[in-house]
Amino acid sequence: MKPLEPAPFPRPAGVREAAAIQRALRDRVILEGELSVVRYLAALDASHPTRFSKVQGASVAAAVLWDRQEGRVLEVATASVPEAELFPYIPGFLSFREAPSYLAALGRLSRRPEMLLVDGMGIAHPRAFGIASHLGVHLDLPSVGVGKTLLYGRPEAELPRAAGSAVRLLGREGPVGWLLRSREGVQPLVVSPGHRVSLEGALEFVRSLLGKTRLPEPLRQAHVHAGEARRTLGG
DNA sequence: GCGACAG
DNA sequence: ATCTTGTCGC
């Protein structure tokens, strides 16, 4: 990250403190904005070695800088954080486990992206502050969450089978995201705004990145590279 | 108390 | 997330 050093990402002592941090930061989320003019984005995904692998367990992250205009990968950066430093995986608190390695990978890109596409939830989260929102607020960047399974929210209606169809996800106080059928016959993606983007803007942006596979292409690339990086390290 | 539970 | 080959279905 060229412009400025990212603020340190605090590691909570437990879920109690983690939840308090989420509740304290969620009010900073801005659910407005549109991303149609974004050209350079960073897609983030992580891979984790099983315990008892060659190297110590770790979170291996990949940040893929994607050129939306050219429709191709410009740059790939990876980074890992030792298991000993990681917060455990607890549903609802994913950001405290994976954000540190994501931030490290992002810091190795030659430039700051215009927005972040994150594997996980935005506001479709029990406390409206999933990992996409957390990273977006932390770095003051627009962000969108793309999850593979549902964590929070109820589909407003039955999702049509056709590729590209979407239905809203409803939380307690209103819509929190979308179920998006990225391809015909596949399990839907969970799309939700992270930060500085509207509900509709998040959906349209993800739609613009869909290719021939279930996941939007930048995230699929990040997934592949995170896995390769992990195996290269002996995981 | 019971069920749910991103990666 | 990870352990894993071939196989069924669009």
Side-chain angles (χ1 to χ4, degrees), chain A residues 15 18-19 22 26 29 43-63 78-83 85-103 105 116-136 143-155 160-165 169-172 176-195 202 206 212-216 219-220 222-235:
Chain A
V15 294
Q22 292 176 330
R26 67 181 170 191
V29 170
L44 300 169
D45 191 29
S47 182
H48 300 270
T50 181
R51 197 169 159 75
F52 306 124
S53 53
K54 284 188 178 182
V55 295
Q56 300 293 352
S59 178
V60 182
T78 61
S80 67
V81 173
E83 180 67 31
E85 297 178 20
L86 297 177
F87 194 76
Y89 170 66
I90 300 170
F93 303 93
L94 179 65
S95 64
F96 297 103
R97 179 173 182 78
E98 301 199 335
S101 57
Y102 285 172
L103 292 170
L116 305 175
L117 189 67
V118 187
D119 189 332
M121 303 304 153
I123 63 168
H125 177 279
R127 287 163 298 283
F129 201 69
I131 187 168
S133 297
H134 204 154
L135 286 167
S143 63
V144 171
V146 177
K148 296 178 288 297
T149 62
L150 190 59
L151 171 69
Y152 175 80
R154 189 183 64 71
R161 202 180 161 65
S165 59
L169 279 175
L170 270 30
R172 300 181 176 191
V176 296
W178 309 83
L179 242 44
L180 169 62
R181 188 90 69 185
S182 57
R183 299 284 294 168
E184 187 178 320
V186 303
Q187 285 304 112
L189 299 176
V190 183
V191 176
S192 61
H195 183 48
V206 172
K212 300 177 180 177
T213 59
R214 183 190 176 216
L215 290 177
L219 268 185
R220 194 183 70 84
H223 185 78
V224 169
H225 286 287
E228 287 179 352
R230 174 181 60 79
R231 288 185 289 273
T232 295
L233 296 180

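Order of the sequence lines sets the chain letters (A, B, ...), proteins ahead of strands, with each chain counted from 1. Keep in mind that the numbers below use all heavy atoms, side chains included, and drop hydrogens, waters and symmetry copies.
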Length of the [atom1]-[atom2] vector between [X] and [N], whole Å:
| X | N | atom1 | atom2 | result |
| --- | --- | --- | --- | --- |
| A:Arg181 | C:dC10 | CZ | P | 13 Å |
| A:Arg154 | B:dC5 | CZ | P | 14 Å |
| A:His48 | C:dA1 | NE2 | P | 8 Å |
| A:His225 | C:dA1 | NE2 | C1' | 19 Å |
| A:His125 | B:dG7 | NE2 | C1' | 12 Å |
| A:Arg97 | C:dT2 | CZ | C1' | 12 Å |
| A:Tyr102 | B:dG7 | OH | P | 10 Å |
| A:Glu83 | C:dT2 | CD | P | 13 Å |

Ranking A:Gly185 and A:His223 by the position along DNA chain C of their nearest nucleotide, the one closer to 5' is A:His223
Of A:Asp45 and A:Glu184, whose closest DNA chain C nucleotide lies nearer the 5' terminus?
A:Asp45
Does B:dG7 have OP1 or OP2 sitting under 4.0 Å from an N or O in the side chain of A:Thr149?
yes
A:Arg230 side-chain N/O to C:dT2 phosphate OP1/OP2 under 4.0 Å:
yes
Can you label the angle between the A:His134 ring and the A:Phe96 ring as parallel, tilted or perpendicular, going by 30° and 60°?
perpendicular
Choosing from [options], which nucleotide comes nearest the side chain of [X]?
| X | options | result |
| --- | --- | --- |
| A:Ser47 | B:dG7, C:dT2, B:dA6 | C:dT2 |
| A:Asp119 | B:dG7, C:dC10, C:dC3 | B:dG7 |
| A:Lys148 | B:dA6, C:dC3, B:dG7 | B:dG7 |
| A:Pro91 | B:dA6, B:dG7, C:dC3 | B:dA6 |

Nearest 0.5 angstrom please: A:Leu86 CG to A:Glu98 CD, how far?
9.0 Å
Verify, without hydrogens or angle tests, whether A:Ser47 (side chain) and A:Val60 (backbone) share a donor-acceptor contact under 3.5 angstrom.
no
So A:Val118 and A:Val146, side-chain contact (heavy atoms from CB on, under 4.5 Å) or not? Walk me through it.
CA-CA 6 Å; A:Val118 187; A:Val146 177; over 6 Å; no
Across the strands shown, which category fits A:Ile131 at heavy-atom distances under 4.0 angstrom: base, sugar-phosphate, nothing?
base
By the 4.0 Å heavy-atom rule, please label A:Tyr152 as base, sugar-phosphate, or nothing.
nothing
Strictly below 4.0 Å, N to O, side chains only: are A:Arg220 and A:Asp45 in salt-bridge contact?
no
Are A:Tyr89 and C:dA1 stacked, counting the six-membered base ring, centres under 5.5 Å, planes under 30°?
no
